[in-house]
Amino acid sequence: MSRFFHAEGDSDSDTESSEDEVEEQKVNKSAKFRDDLDFMAGPEDDEKRVVRAQKDKKFDELKGIIKQNRDAKSNKDLNRLLTGFDSLVKAYDKSKTIFQRQNVTIPRFYIRSLVEIEDYVNKLWEDKDAKASLSKNNAKALPPLRQKLKRYIKEQSFQDLVTDYRANPDEDGYETPEDEDDDDIEEVSEAKVEKSPGKPVGKAADSESDSDDDSSSWTTEPDTDESDDEDSVTKMEQLCRYFLKKEFREESKDDKRVKRKREIKVKEVVEDDDDADWTPVSKEKSVVHFDPKEEVTHDVMIKKLNEVMSARGKRTTDRNQHVANLQKLLEVSDEKNLGLGIHVKISFCIISALFEINAKISDYMEYETFMNTLATVDKLLDLLIGTDRVKLSVTYAEEDENLKDENEDYRIQGSILIAVQRLDGELAKILQNADCHSNDYIEKLRAEKDMCLLIEKAERYVELRSHLKIFDKHEVCKVYMMRIEHTYYKYQDQNEGDAGQTMDYLCKKIYSLDDEKRLRQRAMLCHVYFLAVHD
């Protein structure tokens with residue numbers, strides 16, 4: 001065999017080995033470049049970092065302890081419940097400074113946990129059979145738990161919040177504004193960089209092999225300088241594109257996919273000339289409606305009301321729409337003449353919904369919402385004063401309510417006096433958050449006159465229905481105290497009558513009714529100040 005064959009075979013093997021080396025170099029360079037970009041841009045998966053505020057961490061800590069306490073209650077482990085209550089109090093005391101720094105009020109779920117523990121302990125304390133069946137450790141832990149809980153609520157002045165919660169308890173599945181509050185969590189998406197638009201390795205190798213086959217030259221060593229220049233240029237382009245501002249950066253496929261997900265799927269109006277049967281669809285959910293074939297009776301209305309109230313507090317619920325649904329139910333009940341029981345029940349639900357309409361946005365009500373709530377409460381008070389057949393009290397349970405039997409007095413769970421107290425507190429918050437040097441403050445300050453008239457009307461309602469024994473003493477004292485706080489610092493002309501007669505009457509009412517010393521001392525200080533102003 002000729003020696004030229006051996007030489008040609010050797011050259012082929014040399015070219016193949018050189019081509020393999022070039023391919024390995026390109027693969028290594030492209031892989032290294034991709035690793036650099038991936039290190040800068042983050043993982044290719046859409047990972048999200050969650051930056052949580054301090055108050056959210058404290059909320060999670062408190063909720064974890066509350067969950068452990070509920071497990072202890074379900075297992076009837078009072079020793080563990082006592083330890084959990086101590087740890088819950090300590091955790092809340094440590095969180096107070098953070099809550100005060102971020103202007104966070106007392107969380108509702110914390111009050112709900114205290115009420116649940118108190119109800120559980122009181123029920124167990126009154127049940128003698130259940131107490132007798134307790135183990136030795138649980139029986140020993142029950143009295144200190146009851147005393148600690150009672151003393152803690154009294155020392156921290158949680159009586160008003162507990163009474164308010166018992167008037168408007170949360171239903172199963174209810175999420176409080178604290179649960180709903182996600183404004184302090186920022187989701188920071190990792191930046192994603194497109195891969196370099198270089199040629200694929202396989203195709204490059206094929207093209208080089210084809211060119212080698214076609215060429216008659218024996219030298220197959222590629223020009224590596226040109227490939228290095230191309231890689232450096234593409235690398236600089238990728239770096240520039242990565243550090244560009246968002247408005248100048250080209251949208252990638254992932255960005256377009258995210259935008260497409262955020263688009264509203266429901267169109268406002270569907271316009272189609274060919275299909276005239278299409279109807280426009282609005283974004284807002286439709287107001288509740290009844291089946292036209294079904295007669296609207298008391299049972300149907302109560303069922304629909306429970307259905308609407310079951311959506312209360314959920315994250316997907318539009319609060320303005322929730323109020324509109326209740327107002328629609330009130331209109332239908334008046335049209336069908338379903339009686340005062342249904343009317344008062346729905347009106348009280350509307351008042352509760354109006355108080356929660358801005359709970360997620362701010363700590364105080366908007367002025368327009370406040371005036372709307374004040375008008376609703378005033379209208380309900382006029383109705384309660386006008387008839388003695390409706391008894392509204394927090395002492396009634398849901399099973400004891402009477403909404404449809406006209407032969408008996410209507411019994412409804414709730415307290416209109418607590419609603420008046422909350423309105424008075426909301427007015428103080430509105431004025432505190434307004435600019436005292438602006439005309440807006442003067443406009444809002446005029447609402448105090450309407451508030452004073454509402455308090456006087458609530459006092460008249462208490463005096464008219466006191467014989468029915470539907471009021472709690474603490475509620476009645478708070479009504480008199482609100483009247484005093486709006487009166488004691490105002491100077492009244494002595495010629496127009498006895499200025500101290502009304503103040504003397506209100507203070508003596510509190511002196512006789514208040515079992516606790518706190519309201520009595522406050523009334524005494526206001527009384528002394530009033531007497532000092534009037535000599």
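Treat the numbers as computed from the prediction; the structure is a model and nothing was measured.
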Ion pair [X]/[Y], N-O distance below 4.0 Å:
| X | Y | answer |
| --- | --- | --- |
| Glu118 | Lys123 | no |
| Lys508 | Asp504 | yes |
| Glu307 | Lys304 | yes |
| Arg522 | Glu485 | yes |
| Arg166 | Asp119 | yes |
| Asp299 | Lys303 | no |
| Lys90 | Glu61 | no |

Shortest non-hydrogen separation from His322 to Val308 and the atoms involved: CE1-O, 3.3 Å
With a 6.0 Å cut-off on ring centres, are [X] and [Y] close enough?
| X | Y | result |
| --- | --- | --- |
| Phe59 | Tyr110 | no |
| Tyr441 | His437 | no |
| His527 | Tyr488 | no |
| Tyr529 | Tyr489 | no |

Listed partners of Asp388 passing side-chain contact (heavy atoms from CB on, under 4.5 Å), at least two apart: Arg465
Non-neighbouring partners of Arg146 that pass side-chain contact (heavy atoms from CB on, under 4.5 Å), sequence neighbours left out: Val121, Asn122, Trp125
Check: Asn75 side chain, Asp77 main-chain N or O, donor-acceptor pair, under 3.5 Å: no
Short side-chain to backbone donor-acceptor contact, Thr373 and Thr369, under 3.5 Å: yes
Aromatic Tyr165 / basic Arg112 pairing, under 6.0 angstrom, 45° off normal: no
Ring-face cation of Lys148 near Phe85 (centre distance under 6.0 Å, axis angle within 45°): no
Side chains of Glu475 and Ser415, donor plus acceptor under 3.5 Å: yes
Any side-chain donor near an acceptor of the partner, Asn138 and Ser135, under 3.5 Å: yes
